[in-house]
Amino acid sequence: MTFLLRFGAVFGVLSGVLIVVTGAAEAFLGETLATSLVIGLSPTLALPLVTALHLAQLHRADRFASIAYAANLIGLGLFGAAAYALNIVLFPLDVAPAAPTRVMLLASALVFAVGTVLFAAAMLRAKVHPRVPVWIYAIALPLLAIAARLPDTPLTSGIHVLVGGSLIWLALAVRSAGQSAGYPSNAATSSSATPEVKASSVAPSSAS
């Protein structure tokens, strides 16, 4: 459990930093090959963070929270795949997506937006994670799905910065939230297991 929280926090920070840096750069430079390649990877890197956020509030999760987590995970996976295709495949080739592709990209953005709102609502209900970044997560991430199809402007860059900042904030808070929920560290788990093994090994001799 502790490893998954750390893993999610590290990649959440990495995803957030990449989004902030590229979003700020595109405000001045516009979309370039370098920023396009970086931003195309960043949504996928946020996937472990979603899992870590859910695990950290698992002690307060209900059926709705589990459904919201699944919807957010699937939506983010679809949106990450769309961002990869648009920014890493089509942009360097200077190819516009065909009509069927545009429909699928729109559907992916819709699933992503709905899943994000549902999971943010679950986090607000659980009251484990800081409310400010969760609200930004709920509002700015669906806007990011819309901004992905708009020309690069200071407004779209600002949305990227807000999204990246909320991911960094949540990533930095997720491990402390997991510790406050009572998840033991690996060392504590192994040390607590040792006496049980010794006790079981002594039991047969005392019985005889």
Side-chain angles (χ1 to χ4, degrees), residues 8 11-12 14-54 63-123 134-167 170:
F11 276 85
L14 179 58
S15 175
V17 168
L18 293 180
I19 294 173
V20 169
V21 171
T22 54
E26 288 182 350
F28 299 97
L29 304 175
E31 187 174 12
T32 66
L33 179 59
T35 61
S36 184
L37 294 176
V38 172
I39 204 69
L41 290 174
S42 56
T44 303
L45 297 179
L47 283 168
L49 175 61
V50 176
T51 296
L53 291 170
H54 182 61
R63 183 180 296 273
F64 171 78
S66 298
I67 294 173
Y69 160 70
N72 196 187
L73 195 69
I74 292 172
L76 182 56
L78 290 172
F79 185 74
Y84 186 95
L86 288 173
N87 292 280
I88 296 180
V89 179
L90 298 180
F91 180 79
L93 297 175
D94 195 20
V95 176
T101 304
R102 288 196 297 270
V103 172
M104 294 305 298
L105 292 175
L106 181 60
S108 299
L110 180 61
V111 175
F112 169 68
V114 172
T116 297
V117 172
L118 290 176
F119 188 56
M123 288 191 286
V134 172
W135 275 109
I136 298 174
Y137 186 96
I139 298 171
L141 264 74
L143 290 178
L144 182 65
I146 300 173
R149 304 302 306 149
L150 298 176
D152 294 310
T153 65
L155 176 60
T156 57
S157 296
I159 294 173
H160 279 81
V161 172
L162 281 176
V163 168
S166 70
L167 294 182
L170 288 170

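One is the number of the first residue; the rest follow in order along the sequence. Atom set for the values below is all heavy atoms of this structure, side chains included, hydrogens, waters and symmetry mates excluded.
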*Asks:* Would a distance-only check, ignoring hydrogens and angles, find a side-chain to backbone donor-acceptor pair under 3.5 Å from Ser166 to Val163?
*Replies:* yes
*Asks:* For a quick test of reading the model, state the closest non-hydrogen atom pair linking Val50 to Tyr137 and the distance between them.
*Replies:* CG2-OH, 3.9 Å
*Asks:* Report the distance from atom CD1 of Ile74 to atom CG of Leu47, rounding to the nearest 0.5 Å.
*Replies:* 11.0 Å
*Asks:* Which heavy atom in Ala68 sits nearest to a heavy atom in Ala122, and how many Å separate them?
*Replies:* CB-CB, 4.1 Å
*Asks:* Measure the shortest side-chain to side-chain distance between Phe91 and Leu37 over non-hydrogen atoms and say whether it is less than 4.5 angstrom.
*Replies:* no
*Asks:* Rounded to the nearest 0.5 Å, what separates atom CG in Leu29 from atom OG1 in Thr22?
*Replies:* 11.5 Å
*Asks:* With a 3.5 Å distance limit and no angle check, can you tell me whether Ser108 reaches the backbone of Phe79 through a side-chain donor-acceptor pair?
*Replies:* no
*Asks:* For the residue pair Leu41 and Ile88, establish whether any side-chain heavy-atom pair is separated by less than 4.5 Å.
*Replies:* yes
*Asks:* Would you say that more than 12 heavy atoms from the other residues, nucleotides or ligands in this model lie under 6.0 Å from the OH of Tyr84, or not?
*Replies:* no
*Asks:* Do Leu14 and Val17 make a side-chain contact, defined as non-hydrogen atoms from C-beta onward lying under 4.5 Å apart?
*Replies:* no
*Asks:* Of all the heavy-atom pairs spanning Ala82 and Leu105, show the shortest one and how long it is.
*Replies:* CB-CD2, 3.3 Å
*Asks:* Within this structure, what is the CG-OG1 distance for the pair Leu76 and Thr44, rounded to the nearest 0.5 Å?
*Replies:* 7.0 Å
*Asks:* Using the ring of each side chain (for Trp, its six-membered ring), is Phe119 parallel, tilted or perpendicular to His54, with breaks at 30° and 60°?
*Replies:* tilted
*Asks:* Locate the shortest heavy-atom distance separating Ser15 from Leu167; write the atom from each residue and the value.
*Replies:* OG-CD1, 3.8 Å
*Asks:* Just by distance, do the side chain of Ser42 and the backbone of Ile39 share a donor-acceptor pair under 3.5 Å?
*Replies:* yes
*Asks:* Give the minimum heavy-atom separation between Val117 and Ala138, together with the two atoms involved.
*Replies:* CG2-O, 3.9 Å
*Asks:* Give, for atom CE of Met104 and atom CG of Leu106, the distance between the pair rounded to the nearest 0.5 Å.
*Replies:* 10.0 Å
*Asks:* Taking all atoms of both residues into account, what is the closest heavy-atom pair of Phe11 and Pro48, and its distance?
*Replies:* CB-CG, 4.1 Å
*Asks:* Contact between Asn72 and Leu118 at the side-chain level, heavy atoms closer than 4.5 Å - yes or no?
*Replies:* no
*Asks:* Just by modelled atom types, is the Glu31 backbone N or O under 3.5 Å from a matching donor or acceptor in the Thr35 side chain?
*Replies:* no
*Asks:* Looking at Ser157 and Gly23, would you say the former's side chain and the latter's main chain have a donor-acceptor pair under 3.5 Å?
*Replies:* yes
*Asks:* Any chance you could measure Leu162, atom CG, to Leu143, atom CG, to the nearest 0.5 Å?
*Replies:* 9.0 Å
*Asks:* Nearest 0.5 Å please: distance from the CG atom of Leu144 over to the OG1 atom of Thr116.
*Replies:* 9.0 Å
